[in-house]
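From a predicted model like this one, the values you see are computed outputs, not experimental measurements. Just follow the structure's listing: the first ligand is 1, and inside any ligand the first atom is 1.
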Amino acid sequence: MSSFKLEYFPSRYFGEPARLLLHYVGQKFEDHRTDREKEWDTRKETTPFGTIPVLTVDGVQIGQSSAIYHYLARRFGLEGKGELEIATVNALGDYLKDFMNANLPYVIASFRQPDDVERLKTEVLVPNLHKYLPKFVSLLKASKSDFFADSGLTWVDFAISEYFDSMSKAAPEVTGKYTELQEHSKRVHSLPQLQSYLSSRPVTPW
Ligand SMILES: N[C@@H](CCC(=O)N[C@@H](CS)C(=O)NCC(=O)O)C(=O)O
């Protein structure tokens, strides 16, 4: 039987899609929440790319969050059905990354520059929400299932719904207008396989 260890800081952000997937499929794993002050300087040196998340499977380290999601999705049957659908699911994951990267100045300010948060919310976050969220809505509406892929639930539903929830904490007055995405997030977070984890996970803004 394989061993799985997921390392990430004590937030959801790049770590949570993998955590949710592993909980959803019932795969036991070590959910290691790396302490930035006490552990990170030394651990950074031995990671594949100097960053986390890192997923270690049977002693092999996988760096880069997208590679981790794709690997887990493939291994546990949540990548989509057929090569073309898999490609469109992965493209949507890359689009989510574009969205997350565009919001990074706001996210960093929320941790380190409290004086800049309101300005960056107006100048960065809100315009990005209006730029990116309509695309997610139209892709969801075009799907033949209740999830983003025609065939049903895939890893990207975990990634999008988690990030949408973080956005909803930061700008509820904007995300509240995207009811389809709110309902999608509710659907994902209502999956019975996730309830035990969701009721006990640490509450974090990101
Ligand atoms: N492209 C990488 C980026 C990962 C990344 O930026 N991780 C941050 C935490 S969110 C990190 O490791 N920061 C600590 C550092 O760079 O020293 C991925 O998708 O995994």
Side-chain angles (χ1 to χ4, degrees), residues 4-24 27 29-76 78-80 86-114 116-117 120-121 124-125 128-129 132 135-136 148 154-171 188 197 201-206:
F4 292 82
K5 176 177 181 178
L6 182 75
E7 291 166 87
Y8 192 57
F9 292 122
S11 26
R12 291 174 295 118
Y13 209 65
F14 285 156
E16 203 66 6
R19 293 189 189 114
L20 289 182
L21 191 154
L22 286 161
H23 282 288
Y24 178 77
Q27 173 61 54
F29 68 107
E30 184 185 344
D31 184 353
H32 185 85
R33 307 206 175 205
T34 306
D35 186 313
R36 196 183 273 274
E37 311 312 315
K38 295 189 189 138
E39 295 176 78
W40 180 235
D41 281 353
T42 36
R43 175 60 180 121
K44 184 178 173 73
E45 302 298 318
T46 57
T47 61
F49 303 105
T51 56
I52 43 179
V54 168
L55 177 72
T56 305
V57 184
D58 297 332
V60 176
Q61 295 191 71
I62 307 169
Q64 298 297 333
S65 54
S66 298
I68 292 169
Y69 308 152
H70 295 175
Y71 167 78
L72 288 174
R74 180 160 199 185
R75 176 137 182 186
F76 294 105
L78 286 167
E79 60 182 345
I86 292 168
T88 59
V89 166
N90 291 347
L92 188 51
D94 283 353
Y95 187 67
L96 177 68
K97 275 274 170 80
D98 290 349
F99 181 30
M100 293 173 82
N101 287 336
N103 287 331
L104 213 47
Y106 173 81
V107 176
I108 290 170
S110 76
F111 282 108
R112 299 185 202 148
Q113 304 146 229
D116 295 333
V117 167
L120 289 168
K121 178 175 173 181
V124 173
L125 182 66
N128 280 334
L129 292 173
Y132 286 89
K135 175 57 77 181
F136 287 102
F148 278 94
T154 66
W155 69 269
V156 89
D157 294 295
F158 296 133
I160 293 170
S161 61
E162 272 300 312
Y163 194 62
F164 183 78
D165 278 10
S166 294
M167 295 291 101
S168 300
K169 290 195 178 90
V188 171
Y197 171 62
R201 72 176 174 178
V203 176
T204 58
W206 299 101

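The shortest distance between side-chain heavy atoms of Tyr95 and Met100 does not fall below 4.5 Å.
Applying the salt bridge (Lys or Arg N to Asp or Glu O under 4.0 Å) criterion to Glu162, with sequence neighbours excluded, gives Arg12, Arg201. By the ring pair (Phe, Tyr, Trp, His ring centres under 6.0 Å) test, Tyr69 is found to be paired with Trp155, residues two or more places apart in sequence or in another chain being considered.
Cation-pi check for Lys97 over Tyr163 is not met; the charged atom does not lie both under 6.0 angstrom from the ring centroid and within 45 degrees of its normal.
Side-chain N or O atoms of Asn128 include one that pairs as donor or acceptor with a backbone N or O of Ala102 at under 3.5 Å.
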Run through all N or O atoms in ligand 1 and write down each protein N or O closer than 3.5 Å, as a pair with its distance.
unit_1: ligand 1; atom_1: 1 (N); unit_2: Gln64; atom_2: OE1; d: 2.7
unit_1: ligand 1; atom_1: 7 (N); unit_2: Ile52; atom_2: O; d: 2.8
unit_1: ligand 1; atom_1: 12 (O); unit_2: Ile52; atom_2: N; d: 3.0
unit_1: ligand 1; atom_1: 12 (O); unit_2: Ile52; atom_2: O; d: 3.4
unit_1: ligand 1; atom_1: 16 (O); unit_2: Lys44; atom_2: NZ; d: 3.4
unit_1: ligand 1; atom_1: 17 (O); unit_2: Trp40; atom_2: NE1; d: 2.9
unit_1: ligand 1; atom_1: 17 (O); unit_2: Lys44; atom_2: NZ; d: 2.8
unit_1: ligand 1; atom_1: 19 (O); unit_2: Ser65; atom_2: N; d: 3.3
unit_1: ligand 1; atom_1: 19 (O); unit_2: Ser65; atom_2: OG; d: 2.6
unit_1: ligand 1; atom_1: 19 (O); unit_2: Lys97; atom_2: NZ; d: 3.3
unit_1: ligand 1; atom_1: 20 (O); unit_2: Ser65; atom_2: N; d: 2.8

Would you be so kind as to tabulate the donor-acceptor pairs closer than 3.5 Å made by side chains of residues 46-54, with sequence neighbours excluded?
unit_1: Thr46; atom_1: OG1; unit_2: Arg43; atom_2: O; d: 3.0
unit_1: Thr46; atom_1: OG1; unit_2: Arg43; atom_2: NH1; d: 2.7
unit_1: Thr47; atom_1: OG1; unit_2: Lys44; atom_2: O; d: 2.9
unit_1: Thr47; atom_1: OG1; unit_2: Gly50; atom_2: N; d: 2.8
unit_1: Thr47; atom_1: OG1; unit_2: Thr51; atom_2: N; d: 3.4

